[in-house]
Amino acid sequence: MTILFLNGPNLNLLGRREPAVYGKATLADIEQMVKKHASKLGVDVEFRQSNSEGELVSWIQEAPGKCAAIVLNAAAYTHTSVALRDAISAAGLPVIEIHLSNVHAREEFRQKSLIASVCKGQIAGFGPYSYILGLQAAVNINGPPD
Ligand code: DQA
């Protein structure tokens, strides 16, 4: 089973970008942590980041048949992108929306997600641990283990 982690714009700056909001871990640190947990769970993880909306759309389009689920931190595109929403809807595979920060406790424009209604669920506010929770949600997408 492969779980695809997609990261949107400015997440390549993690570690030095507003550390009071997003923490000190870099995206590479988070990727390493996710891969460590994934190997314990016996699943493969592919981890990607793009600042380009179109590239994220293409990766979502290419995922069906290759990945069991997508864990998506769409970053700012969460709040703006009909294109990402439509790609998720068309892909027909489970997508889990994640955020490092609690978007619901921040500016009003961050409290609206254009992708939430086509995602399986949303995880927000746990810092890098949101990624581990996203991984666990993806692995247990068909219900918790017996
Ligand atoms: C974010 C929250 C978004 O509002 C913001 O644009 C980001 C990061 C998060 O992980 O907390 O870039 O998705």
Side-chain angles (χ1 to χ4, degrees), residues 1-41 43-64 66-141 144:
M1 183 200 265
T2 299
I3 311 290
L4 178 61
F5 278 73
L6 295 183
N7 294 280
N10 300 306
L11 294 174
N12 54 313
L13 301 178
L14 284 180
R16 57 196 160 96
R17 174 194 180 200
E18 297 180 80
V21 178
Y22 298 115
K24 288 186 188 152
T26 65
L27 197 60
D29 293 336
I30 294 173
E31 177 175 358
Q32 203 181 17
M33 182 184 72
V34 167
K35 287 191 168 162
K36 200 171 144 190
H37 279 259
S39 75
K40 282 184 200 157
L41 296 172
V43 295
D44 292 326
V45 158
E46 214 177 304
F47 209 91
R48 299 185 199 159
Q49 187 274 334
S50 179
N51 292 325
S52 152
E53 186 177 15
E55 192 161 35
L56 292 162
V57 167
S58 296
W59 287 340
I60 293 168
Q61 287 182 3
E62 291 160 10
K66 295 184 195 154
C67 304
I70 299 175
V71 179
L72 173 63
N73 186 349
Y77 292 142
T78 304
H79 318 297
T80 63
S81 180
V82 175
L84 275 184
R85 187 208 179 280
D86 287 351
I88 294 165
S89 193
L93 85 176
V95 177
I96 296 144
E97 175 184 352
I98 66 164
H99 301 283
L100 293 151
S101 64
N102 180 358
V103 284
H104 301 287
R106 299 184 62 196
E107 301 98 321
E108 207 178 326
F109 68 86
R110 292 187 206 278
Q111 295 173 24
K112 178 76 190 159
S113 166
L114 294 191
I115 64 171
S117 63
V118 290
C119 288
K120 192 84 179 154
Q122 186 195 64
I123 296 162
F126 299 97
Y129 195 61
S130 290
Y131 283 74
I132 301 299
L133 294 171
L135 173 67
Q136 287 172 341
V139 168
N140 295 292
I141 206 77

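Order of listing sets the numbers, starting from 1, for every ligand and every atom in it.
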* More than 12 non-hydrogen atoms from neighbouring residues, nucleotides or ligands closer than 6.0 Å to NZ on K120, yes or no? -> no
* To do: Keeping to residues at least two apart or across chains, list the side chain to side chain donor-acceptor pair (under 3.5 Å) pairs with something in residues 80-91.
  => E53-S81
* Asked: Just checking, is any N or O donor in the side chain of E97 or T78 under 3.5 Å from an acceptor N or O on the other one?
  -> no
* So, does Q111 use its side chain to make a donor-acceptor pair with the main chain of A105 at under 3.5 Å? -> no
* Which of parallel (below 30°), tilted (30 to 60°) and perpendicular (above 60°) describes H79 and F109? -> perpendicular
* **Over 12 foreign heavy atoms within 6.0 Å of CD, Q32** => no
Tabulated below should be the N or O atoms of ligand 1 paired with protein N or O atoms at under 3.5 Å; can you produce that?
from     : atom 1 : to   : atom 2 : distance (Å)
ligand 1 : 4 (O)  : H79  : NE2    : 2.7
ligand 1 : 4 (O)  : R110 : NH1    : 2.9
ligand 1 : 6 (O)  : A76  : N      : 3.2
ligand 1 : 6 (O)  : R110 : NH1    : 3.1
ligand 1 : 10 (O) : N73  : ND2    : 2.9
ligand 1 : 10 (O) : L100 : N      : 2.7
ligand 1 : 11 (O) : L100 : N      : 3.3
ligand 1 : 11 (O) : S101 : N      : 2.8
ligand 1 : 11 (O) : S101 : OG     : 2.6
ligand 1 : 12 (O) : R17  : NH1    : 3.1
ligand 1 : 12 (O) : R17  : NH2    : 3.0
ligand 1 : 13 (O) : N73  : OD1    : 2.8
ligand 1 : 13 (O) : H99  : ND1    : 2.8

